[in-house]
Number of protein chains: 2
Amino acid sequence: MQDGNVTSGNHGEDLLFLTDDNLLQGIELMFFAYKGFTSDPDKILQNYTYGRAHHRAVHFINRKRGITVNNLLDILGVTKQSLNRVLRQLVDDGLVESRIGTTDRRQRNLYLTQKGKDLEQELSDAQRVRMRAAFRDAGPDAVRGFRAVLENMMDPEMRKRVQGLKG
Amino acid sequence: MQDGNVTSGNHGEDLLFLTDDNLLQGIELMFFAYKGFTSDPDKILQNYTYGRAHHRAVHFINRKRGITVNNLLDILGVTKQSLNRVLRQLVDDGLVESRIGTTDRRQRNLYLTQKGKDLEQELSDAQRVRMRAAFRDAGPDAVRGFRAVLENMMDPEMRKRVQGLKG
DNA sequence: CTTGGAATGTCAACAATACTGACATAAAGT
DNA sequence: ACTTTATGTCAGTATTGTTGACATTCCAAG
């Protein structure tokens with residue numbers, strides 16, 4: 001509750017931006033921005049029999065082609081039962097292909113089919129339009145700040161996993 | 001899909017920060033950061049019979065004491081049936097008081113009781129700890145950028161309603 | 001080669017949160 | 001008087017998450 005270790009502050013003197021009021025504002029900003037952030041794909045998904053969970057699965061399968069089920073579970077942070085439901089639908093509907101692992105045959109490597117890629121493209125296009133406008137109007141310096149704060153807001157283990165996504 | 005109206009850019013020349021790759025990174029950052037953002041209150045709520053929906057209601061009732069049900073519905077963006085369920089629980093459990101409006105007797109003005117304030121405090125304390133650390137480590141400039149980008153990400157109507165919260 | 005454990009899949013039950021549609025009541029506005 | 005608004009409530013349904021239990025497959029160690 002207290003101000004804590006000012007000594008570790010890389011930014012020194014002025015900590016007025018850490019008032020409860022500013023923090024509260026940040027909290028609400030997260031809530032409203034996330035609502036906007038998800039609204040465009042959500043609208044599109046209503047035309048399908050899919051929901052946000054399908055979007056997330058399709059996104060990360062596209063992001064890391066050949067990802068294993070366990071890897072995907074770690075990233076999404078849900079139970080295998082929960083993921084399995086949406087994954088089964090996506091496989092049954094021909095959007096995702098589940099191939100037996102080559103090195104470890106217990107594992108399943110997940111890939112998007114063309115149909116899956118098409119949906120992913122449609123969803124991420126919509127999401128990027130909003131993100132691009134937000135970035136553009138805020139400018140590159142603001143985007144750097146946005147990234148810095150959001151990275152700090154993540155759980156440390158997640159930060160590592162995201163690094164893994166990039167590589 | 002194209003780069004769009006560069007002419008309207010207030011930042012002119014360098015638009016390299018708007019690559020699809022950067023946008024994708026921003027999208028995933030939103031997902032993981034929001035997960036972190038909600039995780040602390042979620043853990044606390046497990047000790048109660050409440051969920052994230054109760055947290056949101058309690059938060060905004062605390063934020064704008066005496067808020068009407070319709071106002072709260074607009075802010076939360078859910079149906080009255082959905083809100084009513086959690087609101088009834090909170091009233092029954094003595095965390096929220098629902099008073100008949102003075103000027104318009106159809107309206108209900110919502111207030112937190114001491115018990116409600118206590119829960120709100122516990123939840124927002126936890127959420128602020130993370131937010132404060134994220135802000136502090138990123139610095140005031142980054143926080144300004146964070147705010148700018150997230151405000152741009154909100155729906156325009158929501159931006160107005162948030163202004164209403166401040167006043 | 002057997003056994004242990006890891007990775008995966010599946011079934012069932014359940015909980016939280018959202019939705020739609022329908023209907024009721026009270027009070028405000030015209 | 002009539003309409004609209006604000007609120008509450010009931011019923012049904014969908015999505016997404018959870019636990020718990022159990023089966024299968026298969027790598028790896030003994």
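Heavy-atom basis, side chains included; hydrogens, waters and symmetry copies ignored. Quick caveat: nothing in here was measured; it's all calculated off a predicted structure. Sequence lines set the chain letters: A, B, ... in the order given, protein chains first and strands last, and positions in each chain run from 1.
Within the structure, the ring pair (Phe, Tyr, Trp, His ring centres under 6.0 Å) test picks out no pair touching residues 88-116 of chain B (sequence neighbours left out). Listed by first then second residue, pairs satisfying salt bridge (Lys or Arg N to Asp or Glu O under 4.0 Å) with a partner in residues 150-163 of chain A read A/Asp155-B/Arg130, not counting sequence neighbours. Residue pairs that meet the salt bridge (Lys or Arg N to Asp or Glu O under 4.0 Å) test with at least one member in residues 80-91 of chain A, sequence neighbours left out, do not exist here.
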Nucleotides 7-14 of chain C: protein proximity per nucleotide (B base, S sugar-phosphate only, - neither; heavy atom, under 4.0 Å): SBBBB---
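Here the two rings, on A/Phe31 and B/Tyr34, have centers that are 6.0 Å apart or farther.
Between the two ends of the helix from C/dC1-D/dG30 to C/dT30-D/dA1, each summarised by a five-pair axis, the helix axis turns through 20° (rounded to 10 degrees).
Applying the side-chain contact (heavy atoms from CB on, under 4.5 Å) criterion to A/Gln114, with sequence neighbours excluded, gives A/Lys117, A/Asp118. The side-chain hydrogen bond (donor to acceptor under 3.5 Å, both in side chains) test applied to B/Arg144 returns B/Asp141, not counting sequence neighbours. Residues satisfying the side-chain contact (heavy atoms from CB on, under 4.5 Å) criterion with A/Ala126, sequence neighbours excluded, are A/Asp40, A/Ile44. In this structure, the side-chain contact (heavy atoms from CB on, under 4.5 Å) partners of B/Thr68, at least two apart in sequence or on a different chain, are B/Asn70, B/Asn71, B/Gln107, B/Asn109.
One atom, CG of B/Asn109, and another, P of D/dA6, lie 13 Å apart when rounded to the nearest Å. Counting to the nearest Å, the C1' atom of D/dT15 and the CG atom of A/Leu76 are 15 Å from each other. Between A/Leu83 atom CG and D/dT18 atom P the separation is 10 Å, expressed in whole Å. Between the C1' atom of D/dT16 and the CD atom of A/Gln89 lies a distance of 11 Å, rounded to the nearest Å. We find that CZ of A/Phe31 is positioned 13 Å from C1' of C/dT17, with the value rounded to whole Å.
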What pairs of donor and acceptor atoms, side-chain ones from residues 90-101 of chain A against any protein atom, are under 3.5 angstrom apart with sequence neighbours left out?
from	atom 1	to	atom 2	distance (Å)
A/Asp93	OD2	A/Tyr50	OH	2.4
A/Glu97	OE2	A/Arg99	NE	3.2

Solution key, residues 52-60 of chain B side-chain donor-acceptor pairs under 3.5 Å, sequence neighbours excluded:
from	atom 1	to	atom 2	distance (Å)
B/Arg52	NE	B/Asp42	OD1	3.4
B/Arg52	NE	B/Asp42	OD2	3.2
B/Arg52	NH2	B/Thr38	OG1	3.4
B/Arg52	NH2	B/Asp42	OD2	2.6
B/His54	ND1	B/Gly51	N	2.9
B/His54	NE2	B/Gln89	OE1	2.9
B/His59	NE2	A/Glu28	OE2	2.7

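Contacts between residues 39-61 of chain B and DNA chain D, defined by a heavy-atom separation under 4.0 Å, are absent.
In this structure a side-chain-to-backbone donor-acceptor pair under 3.5 Å is present from B/Gln127 to B/Phe37.
A/Thr79 has a side-chain polar atom (N or O) that falls below the 4.0 Å cut-off from OP1 or OP2 of D/dT18.
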